[in-house]
There are 2 protein chains.
Amino acid sequence: MPVPTDPAAVLRTAGLRVTRPRLAVLEAVHARPHVDTDAVIEAVRADIGVVSHQAVYDVLRALTDAGLLRRIQPTGSVARYEARVGDNHHHVVCRSCGAVADVDCAVGEAPCLTASDDSGFVIDEAEVTYWGSCPACTSR
Amino acid sequence: MPVPTDPAAVLRTAGLRVTRPRLAVLEAVHARPHVDTDAVIEAVRADIGVVSHQAVYDVLRALTDAGLLRRIQPTGSVARYEARVGDNHHHVVCRSCGAVADVDCAVGEAPCLTASDDSGFVIDEAEVTYWGSCPACTSR
DNA sequence: TCGTTTTCTTGAACGAGTCAAGAATATCGG
DNA sequence: CCGATATTCTTGACTCGTTCAAGAAAACGA
């Protein structure tokens with residue numbers, strides 16, 4: 001019997017059909033935190049051969065909609081994906097090289113922040129992006 | 001003598017040349033919080049006539065670099081600009097219509113949040129985006 | 001295995017933003 | 001006030017990430 005984290009089982013549990021592109025995308029993102037779409041396409045092709053870029057875009061959307069992946073897109077960056085979902089963590093982004101790292105939620109559960117004046121909006125999530133310089137860029 | 005907030009004086013003080021497009025862009029953004037580039041172009045053309053879109057892009061960048069404007073770009077939205085600068089306030093964005101509203105900093109001064117584990121990054125800003133539903137969309 | 005539905009392939013298209021070269025204009029020294 | 005010089009604006013092409021559309025292929029329940 002398959003382990004609970006078997007990719008195919010994960011897809012089926014989410015109500016998605018199991019296809020080679022989907023398995024490959026899922027594994028590629030699991031293996032590489034904060035990958036951009038291009039890198040996913042490369043990884044998937046290295047894994048299973050010819051795949052259209054459109055298929056990868058479709059799969060990324062399907063997996064994101066199903067809650068298996070999370071899409072992030074810091075200002076000035078292309079879309080990136082990560083497999084760490086459901087824990088409301090945040091990100092630090094390097095201003096010079098664009099590197100991204102995870103940052104645990106600073107204050108409690110999601111939404112981990114409460115707006116002081118919400119202008120009547122019903123808020124369901126607080127997304128925090130920290131900006132700065134990564135270790136490599138800082139030491140240069 | 002001009003009042004302290006005279007647009008031309010503001011530009012000069014920032015070390016920028018005073019041109020009609022710059023004055024028009026500055027006023028357009030002051031009058032409309034969270035405008036996107038297209039709306040700025042429209043407003044500027046309504047104000048001073050023919051202006052190339054490139055000029056507006058250039059001006060927006062120059063004013064942003066000079067700290068006279070702030071650029072924000074919630075995921076899934078085009079670039080938006082606001083004249084409220086230097087107070088580290090944040091934004092609420094409506095998931096369905098994209099409306100943006102200001103939110104005062106929830107905790108102290110900028111950076112108003114401290115990452116629990118910064119992965120060695122030197123952090124200089126914490127940007128918070130609240131996601132939810134605006135009053136209009138909520139009541140529908 | 002068949003039929004239905006979903007997914008993938010192919011190839012074109014889109015839109016926000018950028019690049020580049022030359023014309024126009026702001027500012028400053030005289 | 002005027003010319004010199006650096007900056008800014010115009011024009012028009014172009015890039016890049018992403019999406020659209022139509023048909024071929026594949027997954028999966030019966």
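Everything numeric in this text was worked out from a predicted model, so none of it was measured.
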Does B:Ser52 reach a base, just sugar-phosphate, or nothing at all? Heavy atoms under 4.0 Å. base
Check every strand shown and say whether B:Ala79 touches a base, only sugar-phosphate, or nothing at a heavy-atom separation below 4.0 Å. sugar-phosphate
side-chain hydrogen bond (donor to acceptor under 3.5 Å, both in side chains) involving A:Arg80 - partner list, sequence neighbours excluded: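 Scan of A:Arg80 (side-chain hydrogen bond (donor to acceptor under 3.5 Å, both in side chains), adjacent residues dropped) gives A:Ser77.
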Qualifying residues under side-chain hydrogen bond (donor to acceptor under 3.5 Å, both in side chains), relative to B:Ser133, sequence neighbours excluded: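 Only B:Thr138 meet the side-chain hydrogen bond (donor to acceptor under 3.5 Å, both in side chains) criterion with B:Ser133.
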Atom [atom1] of [X] to atom [atom2] of [N]: distance rounded to whole Å?
X       : N      : atom1 : atom2 : result
A:Leu11 : C:dT7  : CG    : C1'   : 13 Å
A:Tyr57 : C:dC14 : OH    : C1'   : 13 Å
A:Arg61 : C:dC8  : CZ    : P     : 13 Å
A:His53 : D:dT19 : NE2   : C1'   : 9 Å
B:Arg80 : C:dA16 : CZ    : C1'   : 13 Å
A:Arg20 : C:dT7  : CZ    : P     : 17 Å
B:Arg71 : C:dA16 : CZ    : P     : 13 Å
A:Gln73 : C:dG17 : CD    : P     : 12 Å

When you compare the side chain of A:Leu60 with that of A:Arg71, does any pair of heavy atoms fall below 4.5 Å? no
Would you say the side chain of A:Leu68 lies within less than 4.5 Å of the side chain of A:Val29, judging by non-hydrogen atoms? no
Between the base of D:dT8 and the side chain of B:Arg22, is one N or O donor paired with an acceptor at under 3.5 angstrom? no
Ignoring backbone atoms, test whether A:Thr37 places a side-chain nitrogen or oxygen under 4.0 Å from the OP1 or OP2 oxygen of D:dT18.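 Yes.
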Report yes if at least one side-chain N or O of A:Thr19 is closer than 4.0 Å to OP1 or OP2 of C:dC8; otherwise report no. yes
Starting at the 5' end of DNA chain C and moving along, which residue's nearest nucleotide shows up first, B:Val18 or B:Val78?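 In this pair, the answer is B:Val78.
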Taking the nucleotide of DNA chain C with the closest heavy atom to each, which residue, B:Arg12 or A:Val59, is nearer the 5' end?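 Closest to the 5' end, via its nearest nucleotide, is A:Val59.
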Would you mind telling me which of C:dA16, C:dT6, C:dT27 lies closest to the side-chain atoms of A:Arg17? C:dT6
Checking B:Val51 against B:Val25 for the side-chain contact (heavy atoms from CB on, under 4.5 Å) test, could you report, in this order, the C-alpha distance in whole Å, the side-chain angles of both residues, the deciding distance, and whether it holds? CA-CA 11 Å; B:Val51 185; B:Val25 167; over 6 Å; no
In residues 41-50 of chain B, which residues come under 4.0 Å of DNA chain D by heavy atom?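 Heavy-atom contacts with DNA chain D come from B:Val50.
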Are the side chain of B:Arg22 and the backbone of B:Arg17 linked by a donor-acceptor contact shorter than 3.5 Å?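 Yes; at least one donor-acceptor contact below 3.5 Å.
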Pairing of B:Asp38 and B:Arg32 as salt bridge, 4.0 angstrom limit: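 No, no charged N to carboxylate O under 4.0 Å.
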